[in-house]
Amino acid sequence: MEKVRVRFAPSPTGGLHVGGVRTALFNYLFARKHKGDFILRIEDTDQTRYVEGAEQYIFDCLKWCGISPDESPENPGEYGPYRQSERKHLYRKYAEDLVRKGHAYYAFDTPEEIEAMREKLKSEGKGNQQYGYAVRHTMRNSLTLSAEETEALLKINFPHVIRIKMEPNELVVFEDVIRGRIEMDTSSVDDKVLLKADGMPTYHLAVVVDDYLMKISHVLRGEEWLPSAPVHIQLWKYLGWGHQMPKWAHLPLILKPDGNGKLSKRDGERLGFPVFAMHWTDPRTRETVKGFREFGFLPEAFLNLLALLGWNSGTEQEIFSLEELTEQFSLERVHSSGAKFDFEKAKWFNHEWIKRTPASGLLPLVTEIYRERGIENTEAEKMAFVIDLIKDRCTLLPDFWDQGYYFFQRPGSIDVTPIVSKWNEKKDLFFNELIRTLEVMDFWNSANLEHGFKEIAAVNQLKPGELMLPLRIMLVGGKFGPGVFDIAAVLGREETIERIRQGLAELP
RNA sequence: GCCGCGUUGGUCAAGGGGUUAAGACGCCUCCCUUUCACGGAGGAAUCACGGGUUCGAAUCCCGUACGUGGUACCA
């Protein structure tokens, strides 16, 4: 079998969203699984949609996710350039070749003329208002003009496009790896523009030419491309490359959680979750949206949750490393139906990954979060210990702050409401005695702390349970956190005693 | 409108002629834990509808409904 070569071909028009990353991931997995190449090609043929920084952003996202391409604009292989804008000169000759063979034609219609044609069809009640076989003989193109007229218009550089000439009433049949046999009537597809008036190819021409030139073996792309597949397939044939046509696989869409359509950037803002991999700042509006990374997702978890959106291994395993995904992935097990995105489940994946990641792996990320909030003196050994103590309670990375900041800084305020009503003099006496005991305690560790605490409680005929919550609140400020003696052990003698003193001061 | 694709609990989904129709998320109850979690044990909740084919259909076929994508000199 020929070498597997797949490509992720995004258009650099903004943030890279979950659907895009998943397409990239599936391409990556498929390539790795078959010891093939994973290529990144930038589809920037629409100059009106150029967005500053969007291309670099794509590189960065893939890097963060850990699925960097083997060939890309940054890291070219032998099939470059990898930016379609830099391949502009390649396309025209293929389009003209098609004109020569009678599979395409020059069209000189202005946008207004096309618009008028559509209006006319609409008013006649025609369901199909496409520029296609039914109307092309009424338009201004090289099919209706004489050869001389066409030649003359071309000579004066009259604005024109090249359109594919779709033969009607042909059945295009192809095998989709995910969906099986698919049939479409060519009559339902229009004469797509192949080469635009500015000389740039449209997606349809560029994708076929580049996939051919780059020796792409499998096209894995979103389902939104399914309706234009017949155009691409005809192009492969018309160009004379039919025998080298890649295998097709159209991936299911990722849908909004509440139904109605593809997941979009707006849904994230509306529903309060990220849809981009990383934060994206629109260069025009300066508006920034947070991505999965900024919400506190681990890249491993992000990839994991994306992989399970549309694919599953057929086993009960749900947590997969990239290596495991690579081993087990197969297109045959990709669904054909769309999946609604569920942020709750996404968070669960991250929680699982946090629980499984050793403190050493979390350390730089958590340290950075503390630094952002003004705490620099996070000694690594202590922080690693704290991470292990609290990571079961952390779903997203910023939770490490809420669950652990009090190890590094006194709580700004403490909430005594859960204990104040049951507070009494006996308890007050107990804590004063506890302070005296702590001051002279030999080995400051969790077990000794607990032992000493319970001993004093017993002597005073108090139940430890009624005392532990007050201690907790004095130390951390509220009803949360790991074992209270573990907390005191980390805090150290002086700090523990000081916090008890301050706590006592707030109680009657 | 037209064309394509799809439809198993609220969500992700296994199962593809005979199953008590897995599992996970979320929700609820209980246990563990004198906080919150983690962990453990349970629970509620599903084959879109209508026709076929068949001894037997979630599974195969046809319709309908619904969802979704496309219908640009956007990708």
Side-chain angles (χ1 to χ4, degrees), chain A residues 9-13 43-46 48-49 84 107 109-111 114 118 122 125-132 159-163 176 178-179 182-185 187-190 192-204 206-207 221-230 250 252-253 255-262 305 308-319 333 335-349 351-352 355 390-395 399 403 418 463-473 476 478-484 487:
Chain A
S11 186
T13 52
E43 310 237 334
D44 55 352
T45 52
D46 187 354
T48 63
R49 295 213 301 168
Q84 288 182 333
D109 316 273
T110 63
I114 294 172
R118 294 210 167 105
K122 205 181 239 173
K126 295 273 199 320
N128 188 339
Q129 295 141 25
Q130 296 174 330
Y131 194 132
H160 65 278
V161 301
I162 295 179
R163 286 180 181 271
D176 185 286
I178 293 167
R179 284 149 214 277
I182 290 178
E183 303 182 358
M184 273 182 237
D185 189 331
S187 311
S188 67
V189 344
D190 59 345
K192 290 267 178 253
V193 169
L194 264 18
L195 201 75
K196 302 189 258 192
D198 65 2
M200 276 289 201
T202 58
Y203 172 82
H204 301 104
V207 77
R221 75 222 306 190
E223 190 188 336
E224 66 268 29
W225 293 110
L226 203 45
S228 53
H250 291 90
L253 265 11
L255 308 169
K256 299 175 198 291
D258 49 0
N260 308 115
K262 276 201 290 186
L305 73 92
L308 276 275
L309 232 36
W311 172 85
N312 77 83
S313 69
T315 69
E316 288 189 4
Q317 184 177 359
E318 290 201 273
I319 303 299
R333 291 204 64 90
H335 264 243
S336 49
S337 52
K340 288 184 186 170
F341 180 73
D342 180 1
F343 191 50
E344 291 307 317
K345 181 100 188 206
K347 285 194 289 192
W348 175 80
F349 276 108
H351 193 187
E352 290 300 311
K355 283 189 287 182
I390 63 177
K391 68 180 185 178
D392 278 355
R393 289 152 239 262
C394 298
T395 299
D399 293 340
Q403 292 292 334
K463 288 191 203 138
E466 292 175 18
L467 272 6
M468 284 166 75
L469 187 58
L471 177 61
R472 166 179 303 283
I473 287 177
V476 315
K479 287 175 72 167
F480 60 92
V484 70
I487 296 172

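Keep in mind that what you see is a predicted model, and the values were worked out from it rather than measured. Chain identifiers are assigned alphabetically (A, B, ...) following the order of the sequence lines, protein sequences preceding nucleic acid strands; residue numbering begins at 1 within each chain.
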The side chain of A/Gln130 is closest to which nucleotide in this list: B/U71, B/G70, B/C73?
B/U71
What integer number of Å spans the P atoms of B/G26 and B/C5?
36 Å
Tell me whether the OP1 or OP2 atom of B/A72 has a side-chain N or O from A/Arg118 closer than 4.0 Å.
yes
At under 4.0 Å between heavy atoms, what does A/Gly261 touch on the DNA or RNA strands: base, sugar-phosphate, or nothing?
sugar-phosphate
Can any side-chain N or O of A/Arg49 pair as donor or acceptor with the backbone N or O of A/Pro12 at less than 3.5 Å?
no
Phosphate-side-chain proximity, A/Lys340 and B/G10, N/O vs OP1/OP2 below 4.0 Å:
no
Touch class at under 4.0 angstrom, heavy-atom based, for A/Ala197 against every strand present
base
Does A/Asn312 place a side-chain N or O at less than 4.0 Å from the phosphate oxygens OP1/OP2 of B/A13?
no
B/G67 P sits how many Å from A/Lys256 NZ, rounded?
14 Å
Can you tell me which nucleotide in B/A75, B/C25, B/U34 comes closest to the side chain of A/Met468?
B/U34
Hey, does the side chain of A/Lys196 come within less than 4.0 Å of B/A75's phosphate (OP1/OP2), counting only N and O?
yes
Choose from B/G6, B/C25, B/A72 the nucleotide whose nearest atom is closest to any side-chain atom of A/Asp190.
B/A72
Whole angstroms only, please: what is the CG-C1' distance between A/Asp342 and B/A13?
12 Å
Of the candidates B/A75, B/U35, B/A37, the side chain of A/Asp392 sits closest to B/A37
Touch check for A/Glu344, heavy atoms < 4.0 angstrom, all strands: base, sugar-phosphate only, or nothing?
sugar-phosphate
With a 4.0 Å cut-off on heavy atoms, is A/Lys355 in touch with a base, just the backbone sugar-phosphate, or nothing at all?
sugar-phosphate
Which part of the nucleic acid does A/Pro482 contact within heavy-atom distance under 4.0 Å: base, sugar-phosphate only, or nothing?
base
Quick check with a 6.0 Å cut-off and a 45 degree axis cone: is A/Arg163 positioned over the face of A/Tyr131's six-membered ring?
yes
With no hydrogens and no angle check, just 3.5 Å: does a side-chain donor-acceptor pair link A/Arg221 and A/His250?
yes
Any A/His335 side-chain N or O less than 4.0 Å from OP1/OP2 of B/A14:
yes
At 4.0 Å (heavy atoms only), tell me whether A/Asp109 reaches a base, stays on the sugar-phosphate, or touches nothing.
base
Please give, in whole Å, the distance from B/C3 P to A/Glu223 CD?
18 Å
Within the 4.0 Å heavy-atom criterion, would you say A/Arg221 contacts the bases, only the backbone, or no part of the nucleic acid?
nothing
Using a cut-off of 4.0 Å on non-hydrogen atoms, how would the nucleic acid contact of A/Lys122 be classed: base, sugar-phosphate, or nothing?
nothing
Is there a side-chain polar atom (N or O) of A/Arg333 under 4.0 Å from OP1 or OP2 of B/G15?
yes
Would you measure the distance from the P atom in B/G50 across to the matching atom in B/A44 and give it in whole Å?
25 Å
Determine whether a donor-acceptor pair (N or O, by modelled atom type, separation under 3.5 Å) exists between the side chain of A/Gln317 and the backbone of A/Ile319.
yes
Classify the nucleic acid contact of A/Gly310 as base, sugar-phosphate or nothing, counting any heavy atom under 4.0 Å across all strands shown.
sugar-phosphate
All stems that RNA chain B takes part in, i.e. 3 or more consecutive Watson-Crick or G-U pairs with distances under 3.5 Å, are B:1-7 with B:65-71, B:10-12 with B:23-25, B:27-31 with B:39-43, B:48-52 with B:60-64
A/Ser11 (side chain) donor-acceptor with A/Thr13 (main chain) under 3.5 angstrom
no
Base B/A24 to side chain A/Lys345, donor-acceptor N/O within 3.5 Å cut-off
yes
Within the 4.0 Å heavy-atom criterion, would you say A/Thr45 contacts the bases, only the backbone, or no part of the nucleic acid?
sugar-phosphate
Are OP1 or OP2 of B/A75 and a side-chain N or O of A/Arg49 less than 4.0 angstrom apart?
no
Do A/Asp46 and A/Tyr203 have side-chain atoms, one donor and one acceptor, less than 3.5 Å apart?
no
Considering only the C1' atoms, how many Å lie between B/C30 and B/A48, rounded to the nearest integer?
36 Å
Gap between atoms CG and P, on A/Leu226 and B/U71 respectively (whole Å):
13 Å
From the options B/G69, B/C3, B/U35, select the nucleotide whose nearest atom is closest to the side chain of A/Lys262.
B/G69
Per A/Glu318 side chain, nearest of listed nucleotides B/G69, B/U7, B/G23
B/G23
For A/Asp185 and B/C3, give me the distance from atom CG to atom P, rounded to whole Å.
10 Å
Looking at every strand, decide which applies to A/His250 at a 4.0 Å heavy-atom threshold: base, sugar-phosphate, or nothing.
nothing
Per atom distances to the A/Val161 side chain, the nearest of B/C73, B/U71, B/U35 is B/C73
Round to a whole Å and report the spacing from CD of A/Gln84 to P of B/C74.
13 Å
